[in-house]
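Worksheet: the structure to be examined is printed underneath.
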Amino acid sequence: MLTQAIKGVKDILPEDSPKWRRLEDAVRKLFSDYGFSEIRTPIIEHTVLFARSIGATSDIVEKEMYAFKDQGGDEITLRPEGTAGVVRAYAEHKLFASRPVTKVYYMGPMFRRERPQAGRLRQFHQIGVEALGVSEPGIDVDVLAALVELFGRLEAQGVELHINSLGCKDCRAAYKAALKDFLMRKTDSLCPDCQRRIETNPLRALDCKSERCKAATADAPMMSEYLDGDCRAHFESVKQGLDDLGIQYVVDPRMVRGLDYYTRTTFEMIAVDKQGAQNAVAAGGRYDGLVEEIGGPSTPGIGFAIGVERLLMMLPEAGNGAGSPQVYIAAIGGRAERFGQKLADELRKCGIPAERDYSPGGLKNQMKKADRSGASFTAIIGEDEMARGAAIIRDMKSREQTEVRFDRLVEEIKTLTRSL
RNA sequence: GUGAGUGUAGCACAAUGGUGGUGCACCAGAUUGUGGAUCUGGGCGUUGUGGGUUCGAGUCCCAUCACUCACCCCA
């Protein structure tokens with residue numbers, strides 16, 4: 001081999017693609033039911049967009065982005081997440097003017113240069129939604145309802161919705177300061193990672209897996225104690241709305257999100273059987289300052305992203321489903337082969353999936369291939385049939401054969417396959 | 001970025017330092033114009049790569065690459 005696929009980048013082979021398509025089809029229908037339209041934004045953006053929105057000191061921006069200078073000297077980055085691009089498009093095309101409430105969804109590849117492991121790739125796929133222009137908690141509930149319903153429709157087992165509120169810029173700043181203060185006093189009882197986190201990401205310490213840290217932070221101040229009146233009311237409304245819809249959730253005051261832009265409502269869909277590693281299958285939250293941050297008008301927003309590979313891992317295995325022809329054409333001899341080619345072409349033009357042998361051997365051989373292809377019928381055409389002007393149609397399941405004159409062949413196959 | 005594990009046929013796996021095998025899959029035949037079962041036969045490996053130790057290395061040592069898993073981080 002001259003070379004291989006890039007580390008952490010996977011081919012989706014023909015045997016895998018049906019389940020991707022099934023997922024995508026279900027997602028499109030569902031988002032349309034919930035009033036979201038598709039948006040397709042570029043895979044590359046100016047580096048500054050991500051640096052600004054995700055947060056310059058986040059791990060993603062600091063060490064995981066595929067960032068490069070193109071031949072013209074522009075700083076370009078392969079998108080590591082989807083929200084920034086959508087928000088950029090929203091502001092750039094001034095959608096706030098024509099569509100004060102913008103509800104969109106997207107699906108596509110994202111790129112982060114991390115060490116690959118289970119459920120973590122360098123090119124991975126996300127399906128996400130963004131709802132811009134609504135600050136009321138009702139939209140939070142709708143977005144969460146769509147997320148929960150998606151998992152329901154896909155029959156994903158063993159997931160839990162966890163929610164929290166990070167407050168607005170003001171109350172979070174107050175909380176962060178209080179937490180930092182608390183952690184500094186506990187430094188000695190924290191793991192080395194958490195000692196580092198005090199400066200880089202104090203909230204993260206609440207989420208630490210080490211027992212030492214869990215004990216040390218047991219009586220740490222909680223965000224919920226620092227929410228101001230509006231943020232508290234917003235969170236209460238969201239919970240009330242979820243209750244009204246009968247949506248189960250866990251309030252998780254220690255839940256932390258990685259991206260800087262989140263405010264108020266945040267949430268994750270967690271695979272409960274995977275304690276620890278890569279258990280977040282979907283995550284999102286409100287980002288009320290983001291549009292303004294990148295130069296648009298002050299606009300509230302909320303959204304989430306689903307990790308497609310992580311979701312696929314927990315879906316029930318379904319049969320292969322696609323790719324079987326309805327008719328296999330077994331032709332023996334040069335004259336018959338030319339006839340077979342024409343027959344295949346006619347059937348395909350009628351929308352009947354037809355396959356044939358490009359390097360036909362004997363009939364036995366072709367029957368084997370017909371069987372393996374999963375075809376429902378096989379059209380057998382040899383010298384005898386050419387002479388008689390009629391083909392043999394074999395029902396592969398019942399093994400019954402009928403002779404059909406060439407001039408009625410396409411019509412007859414149409415009738416036979418209609419009932420499939 | 002840190003740590004650990006694994007690299008043998010298309011796939012799944014064996015092989016005490018002494019001639020690299022088995023199953024599945026594949027191809028052919030038994031059945032010369034009829035598929036799934038059965039039987040018989042067939043091909044395959046530069047044992048990831050490069051060094052070293054040894055009379056002799058798939059096996060031991062070193063390096064390197066790839067993959068996997070965990071940490072970090074995150075979808």
Side-chain angles (χ1 to χ4, degrees), chain A residues 1 3-10 15 54-55 57-65 79-83 107-128 147 191-194 196-197 200-201 204 207-210 255-259 267-271 274-285 303-314 328 330-333 336 357 360-386 392-401:
Chain A
M1 282 274 288
T3 182
Q4 302 175 18
I6 290 167
K7 185 198 286 284
V9 166
K10 291 265 187 270
E15 61 188 40
I54 299 170
T57 60
S58 69
D59 273 27
I60 293 177
V61 173
E62 270 190 341
K63 44 199 183 196
E64 294 175 2
M65 292 203 307
R79 62 180 186 196
E81 59 100 43
T83 302
M107 46 180 83
M110 306 292 164
F111 304 84
R112 293 181 198 172
R113 197 181 182 291
E114 302 182 88
R115 255 315 247 280
Q117 71 186 72
R120 202 177 72 186
L121 298 165
R122 289 185 172 182
Q123 175 177 334
F124 60 103
H125 296 77
Q126 287 189 337
I127 293 171
L147 178 61
C191 70
D193 276 333
C194 284
R196 182 176 49 78
R197 284 169 177 142
T200 59
N201 191 353
R204 193 92 231 169
D207 203 33
C208 186
K209 286 150 206 148
S210 117
M255 191 181 73
V256 177
R257 303 282 342 111
L259 284 49
F267 50 90
E268 285 184 354
M269 274 299 224
I270 289 175
K274 300 192 178 184
Q275 64 284 52
Q278 273 72 55
N279 65 351
V281 182
F304 64 74
I306 303 168
V308 177
E309 284 85 354
R310 290 184 187 180
L311 174 57
L312 250 17
M313 280 193 297
M314 57 185 305
Y328 196 94
I332 308 105
D357 194 342
L363 181 58
K364 178 188 173 63
N365 207 292
Q366 295 194 52
M367 288 306 293
K368 205 173 193 172
K369 288 178 186 166
D371 179 44
R372 211 169 294 172
S373 77
S376 304
F377 298 95
T378 300
I380 299 168
I381 306 147
E383 284 305 320
D384 296 353
E385 285 72 25
M386 290 307 290
I392 293 169
I393 303 295
R394 179 179 176 90
D395 182 322
M396 295 303 279
K397 207 174 238 164
S398 69
R399 300 172 168 228
E400 280 166 19
Q401 300 192 163

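By convention in this document, chain letters (A, B, ...) are assigned in the order of the sequence lines, proteins followed by strands, and residues within each chain are numbered from 1.
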Checking only heavy atoms, does the side chain of [X] share a donor-acceptor pair with the base of [N] at less than 3.5 Å?
| X | N | value |
| --- | --- | --- |
| Arg113(A) | rG1(B) | no |
| Arg197(A) | rC73(B) | no |
| Arg394(A) | rG35(B) | yes |
| Gln401(A) | rU34(B) | yes |
| Gln366(A) | rG33(B) | no |
| Arg399(A) | rU34(B) | no |

Identified pairing partner of [N], criterion: Watson-Crick or G-U wobble below 3.5 Å:
| N | answer |
| --- | --- |
| rG20(B) | none |
| rU53(B) | none |
| rC74(B) | none |

Discussion item. Using whole Å, what does the distance between atom C1' of nucleotide rC73(B) and atom CG of Asp59(A) come to?
Written reply: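 Result: 5 Å.
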Fill in: Pair Asp59(A)-Glu114(A), side chain to side chain contact (heavy atoms under 4.5 Å, CB included): steps then yes or no
CA-CA 10 Å; Asp59(A) 273 27; Glu114(A) 302 182 88; over 6 Å; no
Worksheet item: Which listed nucleotide (rG35(B), rG33(B), rA75(B)) is nearest to the side chain of Arg310(A)?
Response: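 Nearest nucleotide to the side chain: rA75(B).
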Discussion item. With a 4.0 Å cutoff (strictly under), does any side-chain N or O of Asn279(A) reach OP1 or OP2 of rA75(B)?
Written reply: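 Answer is no, no contact under 4.0 Å.
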Fill in: Whole-angstrom distance between rC13(B) and rA63(B), as gauged at atom C1'
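28 Å, rounded to whole Å.
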